[in-house]
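Following: one structure in structure tokens, then a few remarks.
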Amino acid sequence: MTDNQEPTREQKIWQVVAAIPQGTVASYGQVAAMAGLGRQARFVGRALGRLPAGHDIPWHRVLRSNGQIAFPEATEARRTQTEKLRLEGVEVNNGRVSMRTFQWRP
DNA sequence: CCCGTGACGGACA
DNA sequence: TTGTCCGCCACGG
């Protein structure tokens, strides 16, 4: 099948995100670095936006470098992400997460 | 091929 | 503290 065996950058990103433990979070920049993509933080966001249906990627564990949720307040996604994080024991205040939550190790 | 865009990041006022 | 500006870089039109 002429398929490229080499994983696309998106798939690498998804794999990294999938490796984030429950109850912890990572920033887009962190994910990019862990995926070996350097500073392509923006590409991470785009990759998550292209997640296929039926995925089991914990996209909600990815935040901005300052611990803030990337979605605007008035969006449904923002509320969903906040709720998912809280269900995992992550404290979210006004769309923001404590930096201590970033303490996850590979 | 050129251009605009983006679930970002960091510096600066 | 918040808001603005610039840099990165793959991708779509």
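We name chains A, B, ... by the order of the sequence lines, and we start the count at 1 in each one. On a predicted model such as this, the values are computed, not experimentally measured, just so you know.
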For this session: Flag the pair A:Trp59 / A:Gln81 as yes when at least one side-chain heavy-atom distance between them is below 4.5 Å, and no otherwise.
Result: yes

Exercise. Within this structure, what is the CG-to-C1' distance between A:Leu63 and B:dG9, rounded to whole angstrom?
Worked result: 14 Å

Problem set entry | Side-chain (A:Asn94) to main-chain (A:Arg96) donor-acceptor, under 3.5 angstrom | no

For this session: State whether the side chain of A:Trp14 and the backbone N or O of A:Ala47 hold a donor-acceptor pair below 3.5 Å, judged by distance alone.
Result: yes

Exercise. Does a side-chain heavy-atom distance below 4.5 Å link A:Leu48 with A:Val17?
Worked result: yes

For this session: Assess the side chains of A:His60 and A:Glu83: does a donor N or O sit below 3.5 Å from an acceptor N or O?
Result: no

Seminar exercise, completed: For A:Val31 and A:Ala26 the tightest heavy-atom approach is CG2-CB, 4.2 Å

Seminar exercise, completed: Contact span of DNA chain C against chain A, any nucleotide atom under 4.0 Å from a heavy atom, 5' to 3', runs C:dG7 to C:dG12

Exercise. Who are the side-chain contact (heavy atoms from CB on, under 4.5 Å) partners of A:Arg79, not counting sequence neighbours?
Worked result: A:Glu76

Problem set entry | Heavy-atom pair of closest approach, residues A:Arg9 and A:Leu37 | CG-CD2, 4.0 Å

Exercise. Whole-Å distance between B:dA7 C1' and A:Ile20 CD1?
Worked result: 13 Å

Exercise. Can you find a pair of side-chain heavy atoms, one from A:Ile20 and one from A:Val25, that are under 4.5 Å apart?
Worked result: no

Contact list (N/O, under 3.5 angstrom) for nucleotides 4-6 of chain B vs protein:
{"residue": "B:dT5", "atom": "O2", "partner": "A:Arg46", "partner atom": "NH2", "Å": "3.1"}
{"residue": "B:dG6", "atom": "N7", "partner": "A:Arg42", "partner atom": "NH2", "Å": "2.9"}
{"residue": "B:dG6", "atom": "O6", "partner": "A:Arg42", "partner atom": "NH1", "Å": "3.2"}

Could you list all N or O pairs between the protein and nucleotides 10-13 of chain B that sit under 3.5 Å apart?
{"residue": "B:dG10", "atom": "OP2", "partner": "A:Ser65", "partner atom": "OG", "Å": "3.2"}

Seminar exercise, completed: Comparing A:Arg50 with A:Leu37, nearest DNA chain C nucleotide closer to 5' gives the residue A:Leu37

Exercise. Who are the salt bridge (charged side-chain N to carboxylate O under 4.0 Å, His left out) partners of A:Glu91, not counting sequence neighbours?
Worked result: none

Problem set entry | CZ/A:Arg78: more than 12 non-hydrogen atoms of other groups inside 6.0 Å | yes

Exercise. Heavy atoms under 4.0 Å, any strand shown: does A:Gly49 hit a base, just sugar-phosphate, or nothing?
Worked result: base

For this session: Would you name the heavy atoms of A:His55 and A:Pro52 that are closest together and state the gap between them?
Result: CD2-O, 2.9 Å

Problem set entry | Those residues of residues 76-93 of chain A lying under 4.0 Å from DNA chain C by at least one heavy atom | none

For this session: May I have the step-by-step check of salt bridge (Lys or Arg N to Asp or Glu O under 4.0 Å) for A:Glu10 and A:Arg46, ending in yes or no?
Result: CA-CA 9 Å; A:Glu10 291 182 348; A:Arg46 183 175 296 223; over 6 Å; no

